[in-house]
Each structure stands twice: as C-alpha cells, then as structure tokens.
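Take a look at the structure set out below.
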Number of protein chains: 2
Amino acid sequence: MKPTIYDVAEKAGVSIATVSYVMNNQKVGKKSREKVLKAMEELNYKPSLLASALTGKRTTTIGFLLPDLANPFVAEMARRVEDRAHERGFNVVICSTDSDKEKEALYTSLLRQKRVDGFIFAGDLKNVDVVKELVGEQTPVVLLAVSHPAVSVNSVTVDDFTGGYQVASHLISLGHKRIAVIAEEAISSRERIRGYKHALQDQGIEIDEDLIVTSDSSFEDGERLADELLNTSHPPTAIFACNDILAIGSFLAARKKNRSIPGDLSVAGFDNTLLSKSSDPPLTIVEQPIQDMCSQAVDLLIEEIEGKSTRKQRIVLLPDLIIRQSTGPCRF
Amino acid sequence: MKPTIYDVAEKAGVSIATVSYVMNNQKVGKKSREKVLKAMEELNYKPSLLASALTGKRTTTIGFLLPDLANPFVAEMARRVEDRAHERGFNVVICSTDSDKEKEALYTSLLRQKRVDGFIFAGDLKNVDVVKELVGEQTPVVLLAVSHPAVSVNSVTVDDFTGGYQVASHLISLGHKRIAVIAEEAISSRERIRGYKHALQDQGIEIDEDLIVTSDSSFEDGERLADELLNTSHPPTAIFACNDILAIGSFLAARKKNRSIPGDLSVAGFDNTLLSKSSDPPLTIVEQPIQDMCSQAVDLLIEEIEGKSTRKQRIVLLPDLIIRQSTGPCRF
DNA sequence: CTGAAAGCGCTAACAC
DNA sequence: GTGTTAGCGCTTTCAG
C-alpha cells in the first residue's frame, strides 16, 4: 500500500499532527521537521489530496465547461486556461457540452459532487439556471467569452458588438453594401450582428434580413449557407462570418463556384485561430485576445475561490480588427 | 451546509448504513428504500464523491496527458477521449506537457495524489520512467498514438511505418524521386520516416538524408524548413510533412515563392484534421482513425481500472491514405 | 434486512 | 512545540 501519514509519523517517531504541521508549514521544532522530512523522503510519501480535501481544504481542481473541444478556437482557450490554472496550482477538468442544456446540467452536477473549487463556462451557455444555482450556493463561477445579463457573476468577454461594428465598417469602407452575415447559434453572435446592423445604419445602408443566416458552426454548414447566399438573384459582395470555421466554409463555397477572394467576394471572420492564418488568402478577422481573456478568467475565479475577491466584475476587452487579404474593394 | 448522508438518514428515520445501501443498490426493504429515496429527493442530496473515494471506491476520473491541446489533432483526440470517458461515467483531467519531461513527471505526480483511476498518455512521451513507475505501482495506463518498446503497457496506435510507406509510394508512383520529409521531434515521426525510407529502397531510389529535416511542429517552422528545402540547388519535387500543421506550413512557403501546388510541388500530410480539409488545394494525407483509436484507448483503460483486463495488448490500427489534390505528377 | 461501529487519510482544535 | 482526539462523509464488516 501507499504510505500514509501514519507511516511517516511512525518512521519519524512523532505524531501525525506534527507530520501534518510540517506539510502545511506550521511552526515545528527544527529537529522534528528534519526527521519528518527525512521520513517522507525515504518513504516517497505523497499526501492524499482526497483526504485533505475531505477535511475542508480545496480540491485545487476547477471545472471547465465549453461547447466543443474540437473547435480550434475553443481548444486554444482550453490550453490557455489550463496553463494559467497550472501556474496557480490548479488542475482543470474539461467537459464539452455541445451547447446542450442537459449536458451542462449533468456535468456541472457531477463536478460538484467531486467538489471542484469552481467553474468556468466558456463560449456559450444554454442553461442559465445551472449558473444561477451555482451562484446561489456560493460556488465560484466565471463566464468566459460569453456573458449573461440574467446572472450576477464574474465574466470576461470581448466586446462582440464592437467587433461586429468594426468588421461591417471595414467592409462598408471598401464599398460593400450587400454584406451577408453567417452567424452561429450563440449569444456572442447576436451581439456581433447588433454591431453589424448598427454600422450599416450609421452609413445609411438598408438592412436586409435575408442576408443574415444562422448555422451550426461547421465547415459544411458554412459552405452550404454561403453557397445559398451566392445563389440568390441579388447575392452579397461580402460575407461576415461569425467565426473562423464559417469563414473557411465560405471560402470553400466560393472556390467551388470559381469566385476569387477577395476579387469576387470579400470574406471576414472572427476569432483568429490557426485556420485564419493558414488560409489562402489569409483571413481578415476580428481578433479575440484569447490569452489575456483566459488568464483573467482564471485569476478572477481563483480570487473568488480564495475568498479574496471583493465585488463581482464584468471585464470587457476590446477586440482588434486585423486586416489581411480576404477583404478588398467592392467591384460591383 | 450541503446535506450529508446523516441528514438523509435522520429525515428518513433509518441509519446511514441503510442510506448507503440504497445508493449502492444493495438489498434494502421496499419500505426503507422508499423513505430514503424520498428524503434524498426532498433534501436534494448529492453524495460526496470525495468521501466515497476515500473509502476505497474509484474517483471515476482519468488523467490525460498530451503534448499540446492547442494542436488541432491533439484537441480532436481530447474530444474523442472525453466523449468516450463520459459515456462510461468518467471525467477527464487534461494536462498539456509540451513534450517536456519535467511537466510529464509533475502532472503525473499531482494527479496521482488526487487519486485518478488511471492515465492516458497521448501523442508523445519523453519521460518513460514516469510510465514505468506507474506500471510498477499497478496504476492503469494506456498509451495513445504513441508506443514505447521499453514498457509493457496497453497502447493504441496507428501503424506509422505503413503510413510513411504509403505516402512515399504514392509520391513515387507519381514520378517523384526527390521527396523531402519534414518531421516532428516525436517517436511517431521516426517510424514514418522508416516507412518512407523503406518505400524508396523498394523502388531503388537513393536516400538523401539532407532531404529529411526535423521541426518543432509549428506553421512558422514548417514554413521555414520548407523554404530552406526549396532554396537548395537541387530542391525536392515533393514534401511529406509528418503532420497537417507542417504541411500547411509548406503551403505557405510555396505560396510565397509562387510555386503552385501540386503543379510545382506536391505536398502530403498526416493526421487529417480540419486544416487538411480546408486548405486549398485539399491536402493528400494519411488519415488516423482518431475516433476509433480514442474509444479503444479509453475502453482499454477502463477495463484495466475495473480489473477486468486480461493481458496487456498493443492495438495497431491501419491508416488510410486519402488522395486529394495537393499531390500530382512530377513534372521535372 | 438493518443498525452500530470501525475505518479511509488528513486537519484542526484542545490540552500538556 | 507536540501529542490526543474528534471529526470530514461515506463504505463495509459484523451483529442482531
């Protein structure tokens, strides 16, 4: 069997309390401390974090619920969250919810039974009640890259409205008037669309609701929707895709139709993942400061876990429009 | 405070043992069972998995160590592993090691203290001793998309040798003789290179070691190495990239030099991630059956955790060469 | 069938 | 300073 605190105590000729004290850096006589350290060393003793957590200490584990780890943008967030969490001594258990209410509830419940110290919900949130319940029971929660007016929790987001506004303005400045939007079924997209509409209005361009479509955020669906848009009698000259995957989907549709980008069609995306850097031409996008967002989210959560946090806050970072080669002057 | 088993017992007018029995589906009188169930319901009781694990039950958590979650191929594996694990009632804690010996050791140690039920190591393994130690202490382990002759553990891999052989043969059949390889610093790449060499030899083509280079597996490095290869006096007419990222890096290099693909340069990759489907032209690649590999890995691990497994096994799946448009006849 | 009681490994008063 | 001891919440003999 693995050595326990009793084994160490016995070997060191002290009581288990003393062993516990040295582990937790409490006042202990120099002699005793050394004996204990030596015994731990010799036995290759590793304290059980389970037992320790049972007595009221933290589990130093946080639950991270996200829509889909296979999505590159989400995966990158996960990596950043993980990094920051590790830096601060926490582990992360990741659960992909597929933006499904039941899964959100199920995984949250399970992780609570495992006594995770807190939760981060990223990218989307279908089941607000889950978060409300968590908050009601004083469980630390932070929302990342998504926020919700109905709950009072810490959140870190990018200003989606501004992002949408920036993209639309950029496209308008290039002379585009018929600008389509391929959105995802998520809260963030709604804000981006709002920004987009606002920009059009500011420039006195009429909004055509037929140009705004919603997808399930896959290459295939992006391609299909872009194709449909291009097949209409009065097709758009530019597409604003609400994430990189949908943008690339649009690329595929354009390619099949032999439309050149940005010659025949301008395409802009959102996120700035690997996909946007590797595409041909490179994608004009709104960049989300992933690293920054994730670090802040983790820090916020840990402050709350450690009870140091004062008041709830909503951190909104400003996105950057990065103009690359997928957008160009309107030729029509 | 959260309700405990005592609260339920009291409310139901039975002993905690009885409550425990109904939770574990043991024989309990119908009357008692109903009372207990009712009390649990009313209190919204959720048993602490911590306490339960402390008494010897599983934590139903597995540790998943991988090189880098931000890599699309790795992220997809993570998603598949997570899915399968959830299906089987397990949670997954993910740790990116950056293929670093220290991190591998550190995270493993930490997770053991948290009493995870088993480990999956994916994609790479720098610190074999870590695995050896785990095995020595009867901790269930499986290697995924990587294997190591020095340890006797369950593993699920794709036949890298065959994959390399397939790519090289395909390229040779198109008339290519100078075929470069951009490898990663990982065990799997070595096998792929072996397969590549074997194919060349079988066709009587001389091996030029200068055409085989190693990268750190980023776009930038792939681009840089491809660029260097193309700048030599006797450049390759085809590149075999050991993963999709490096293949796309090669695309970028070719694009900068205005070399068309596959006209001036054929490029083939490995993995079959989103990147290979979205590139222009779509990438010829060796497909790893990710889903299958991951399910089997999780199943193997859980069998071992549940003590049902018989003997250690090494599962080797055969890869498929998928010919798309990035490879074509040699014109030189 | 069900209850009493002894742990699981560690923490934290409370005494000495 | 250091030891004793009572839990943390649950499982599991062992009686009855």
Side-chain angles (χ1 to χ4, degrees), chain A residues 1-40 43-61 109-117 137 306, chain B residues 1-40 43-61 109-117 137 306:
Chain A
M1 278 306 288
K2 297 199 52 147
T4 74
I5 197 173
Y6 288 95
D7 301 319
V8 177
E10 187 177 2
K11 180 145 200 156
V14 300
S15 78
I16 61 166
T18 304
V19 176
S20 178
Y21 292 149
V22 347
M23 290 197 291
N24 296 290
N25 295 309
Q26 314 239 9
K27 293 247 157 295
V28 173
K30 199 167 178 185
K31 274 277 170 63
S32 300
R33 158 161 277 126
E34 273 172 12
K35 283 191 295 184
V36 169
L37 256 17
K38 184 154 157 288
M40 299 205 312
L43 292 169
N44 188 28
Y45 169 71
K46 308 278 184 196
S48 160
L49 264 19
L50 269 195
S52 152
L54 187 60
T55 70
K57 294 215 149 181
R58 349 215 96 94
T59 53
T60 57
T61 302
S109 169
L110 199 59
L111 292 180
R112 299 199 56 209
Q113 291 188 240
K114 294 193 177 178
R115 298 289 185 274
V116 298
D117 297 326
E137 304 188 5
E306 296 180 339
Chain B
M1 276 306 291
K2 299 199 51 148
T4 72
I5 196 172
Y6 287 96
D7 302 319
V8 177
E10 188 177 2
K11 180 146 202 157
V14 299
S15 77
I16 60 167
T18 305
V19 177
S20 177
Y21 292 149
V22 347
M23 290 196 290
N24 297 289
N25 295 309
Q26 313 240 8
K27 292 249 158 294
V28 173
K30 200 168 178 181
K31 274 275 170 61
S32 300
R33 157 161 277 126
E34 273 172 10
K35 284 191 294 184
V36 169
L37 256 16
K38 184 154 157 287
M40 299 204 310
L43 292 170
N44 189 28
Y45 169 71
K46 309 278 183 197
S48 159
L49 263 18
L50 268 195
S52 150
L54 187 60
T55 71
K57 292 211 149 184
R58 349 214 96 93
T59 54
T60 56
T61 302
S109 170
L110 199 60
L111 292 179
R112 298 198 55 208
Q113 291 188 238
K114 295 194 177 175
R115 297 289 184 276
V116 298
D117 297 326
E137 303 188 5
E306 296 180 338

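Note on naming: letters A, B, ... go to the chains in the order of the sequence lines (proteins, then strands), and numbering restarts at 1 for each one.
Between A:Tyr6 and the phosphate of D:dG3, there is no side-chain N or O to OP1/OP2 separation shorter than 4.0 Å.
Residues B:Ala39 and B:Ala12 approach most closely at CB-CB, 3.9 Å, considering heavy atoms.
Taking the salt bridge (charged side-chain N to carboxylate O under 4.0 Å, His left out) definition, one finds that B:Lys114 meets it with nothing, sequence neighbours left out.
Side-chain contact between A:Tyr45 and A:Lys11: absent, with no pair of heavy atoms (C-beta onward) separated by less than 4.5 Å. At a threshold of 4.5 Å between non-hydrogen side-chain atoms, the residues B:Met40 and B:Leu37 count as touching. The shortest side-chain heavy-atom distance between A:Ile5 and A:Ser20 falls under the 4.5 Å cut-off.
Atom C1' of nucleotide C:dG9 and atom CD of B:Gln113 are separated by 13 Å, given to the nearest angstrom. If you measure from atom CD of B:Gln26 to atom P of D:dC10, you get 16 Å, rounded to the nearest angstrom. For the pair B:Lys2 NZ and D:dC10 C1', the interatomic distance rounds to 14 Å; values are reported in whole Å. Per the geometry, NZ belonging to B:Lys114 stands 17 Å off C1' belonging to C:dG9, to the nearest Å. Rounded to whole Å, atom P of D:dG9 lies 17 Å from atom CE of B:Met40. Whole-Å rounding puts the A:Met23 CE to C:dC10 C1' distance at 7 Å. The interatomic distance linking B:Asp7 (CG) with D:dC8 (P) rounds to 11 Å, in whole Å. As a whole-Å value, the separation of B:Ile5 CD1 from C:dA4 C1' is 14 Å.
Of the residues in residues 48-58 of chain B, those with a non-hydrogen atom less than 4.0 angstrom from any atom of DNA chain C are B:Leu54, B:Thr55.
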Scan nucleotides 1-3 of chain C against the protein and return all N/O pairs shorter than 3.5 Å with their distances rounded to 0.1 Å.
| residue | atom | partner | partner atom | Å |
| --- | --- | --- | --- | --- |
| C:dC1 | O3' | B:Gly29 | N | 3.4 |
| C:dT2 | OP1 | B:Ser32 | OG | 2.5 |
| C:dT2 | OP2 | B:Gly29 | N | 2.4 |
| C:dG3 | OP2 | B:Ser15 | N | 2.9 |
| C:dG3 | OP2 | B:Ser15 | OG | 3.2 |
| C:dG3 | OP2 | B:Thr18 | OG1 | 2.5 |
| C:dG3 | O6 | B:Tyr21 | OH | 3.0 |

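Here B:Ser109 contributes atom OG and A:Asn44 contributes atom CG; the two are 8.0 Å apart, rounded to the nearest 0.5 Å.
By the 6.0 Å contact criterion, NZ on B:Lys38 is open, its count of non-hydrogen atoms from other residues, nucleotides or ligands being 12 or less. The local environment of CD in A:Gln113 is crowded, with over 12 non-hydrogen atoms from other residues, nucleotides or ligands closer than 6.0 Å.
The backbone N or O of B:Arg115 sits less than 3.5 Å from a side-chain atom of B:Thr59, completing a donor-acceptor pair.
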